[in-house]
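Please read the structure below before turning to the comments.
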2 protein chains.
Amino acid sequence: MMNDLSQTRPPSAEAIARALTQAVHEHRVLPGMKLSEDEVGEIFGVGRTVVRQALRALAHQGLLTIERNRGAFVSRPSVKEAREVFEARALLEPRTARAAAERTTAYDIALLERHIDLEHAALDADQTGVALNLSGQFHIEIARIADQATIADFIRQLVSRSSLVIALYWRRRNALCESHAHHALVKALRTRDGATAEDLMKGHLLDLLSQLDLRAQPDAKLSLRDALGR
Amino acid sequence: MMNDLSQTRPPSAEAIARALTQAVHEHRVLPGMKLSEDEVGEIFGVGRTVVRQALRALAHQGLLTIERNRGAFVSRPSVKEAREVFEARALLEPRTARAAAERTTAYDIALLERHIDLEHAALDADQTGVALNLSGQFHIEIARIADQATIADFIRQLVSRSSLVIALYWRRRNALCESHAHHALVKALRTRDGATAEDLMKGHLLDLLSQLDLRAQPDAKLSLRDALGR
DNA sequence: GCGGCTAAAATTGTACACAATCCCGCCCGT
DNA sequence: ACGGGCGGGATTGTGTACAATTTTAGCCGC
């Protein structure tokens, strides 16, 4: 699975950050893995300077944790951090969904429905990682529809960390639960029903939280590099 | 006003970021100002590498805006962004204040009251910038008391941007309004009155927002360097 | 005088070399 | 055999040189 970017021009730090982010969101790179500067640089064909920019950007976003003189590791949120992520989402997303409902256009609806279709397609193809990533982007899309760039940015970070939380604490693997919740949300948005959208989002987040197992302690020692398939 | 760090060891990127952040929060460095890498590096006695880390960190936080091949500038939030900042704060802070009320310890109360004293002292000394910074930190302190690290981080960013918004859109200069609101909040926290704390915080944020003039277009071309007093 | 073009100066972007730090295996002593 | 200390290897941290880009000043022509 060669990245087509490497053929043309040296990818920018943002491009590398995006690629790594997607890999983490799709659970191809798991919490605890180390991202060596040399390794990443060689993979993407850039010097360490650019890699460091990307890694530090992801660290500021909470996706990576940089330990001085040790390197960058995919974050492993503690149980407390996991709860905090969903508590923050509970504060931000329901109201945002309500605001989105009052601003949704027909084009937005089409986009969201197409998004859900992609989720289904990924699930049918047994690409749960891809489906999970799309599922997260659905929430970001709603924040975008609400026309709240600042909040959307926060939600993006929270969804990102949620991906880590799910990787660590998810209970069972059959993740086909979300589809209906998302579909119901789209319906509420289509009918401009802000109150329902807010309630649905709140319930949806509680649902997600309830499917986590926040007792166990995470542990893992993981290899690397081939998880990206390179 | 020499920074005592420069005498001992080269300050870290975090230290530089903190110093710059404080300077911006205290309105000694104003929105639109350019932060040249060489200049900052010379001031703090470090190479550009470390400066870049600090600048990029602040950019990720929203305090600076980095334009490629042009440099780092203190962000100048648009009117829309200004509204978004306070809308995000309205979502996060009231609930957080309620949570804080239910967890406040006697030590926290003492800390907050001492904090308010410092605000008063700064105001009496006509150091409105310092007072403003302390006023912002008060909000961060409440998030810390609520024991919500994730949300506290978001609030920290929002308070930071609020400082920029105030620099651009503040209506009148006599900023002695906050003291009472903060004092009332502490009282609610002391009595473990979460509902009142939530209401007070909500009102306080609306109050702040109402004192902004969000019609005018900001513009300024500002000198630099001596604003830091170096 | 004014607009556009050109070149030089200044500033940021990137890579690389070297220093600092950490990790791990080895060795030695008990 | 086991624990502590030591040293080699590997990885990250930082400064610096050079490349790319932008900006600005100067100049010419109109």
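Order of the sequence lines sets the chain letters (A, B, ...), proteins ahead of strands, with each chain counted from 1.
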How would you summarise protein contacts on nucleotides 6-14 of chain D per nucleotide, using B for base, S for sugar-phosphate only and - for none, with heavy-atom distances below 4.0 Å? -----SBBB

Compare all side-chain heavy atoms of B:Leu158 with those of A:Thr150 and state whether any distance is below 4.5 angstrom. yes

Salt bridge B:Asp117-B:Arg114, side-chain N to carboxylate O under 4.0 Å: no

Is it the case that A:Thr105 and A:Asp108 place a side-chain donor and acceptor less than 3.5 Å from each other? yes

Bending between helix ends of the helix from C:dG1-D:dC30 to C:dT30-D:dA1 [5 pairs per end, 10° resolution]: 0°

Taking A:Gln22 for its side chain and A:Ala19 for its backbone only, find out whether a donor-acceptor pair lies under 3.5 Å. no

For the pair A:Glu14 and A:Arg18, find out whether any cationic side-chain nitrogen is under 4.0 Å from an anionic carboxylate oxygen. no

Do you see a donor-acceptor pair shorter than 3.5 Å between the side chains of A:His139 and A:His204? yes

Whole-Å gap separating C1' (C:dT14) and CD1 (A:Ile16): 12 Å

Candidates A:Ser135, A:Ser163, A:Ser160 - the one meeting side-chain hydrogen bond (donor to acceptor under 3.5 Å, both in side chains) with A:His25: A:Ser160

Looking only at side chains, do B:His115 and B:Glu141 share a donor and an acceptor under 3.5 Å apart? no

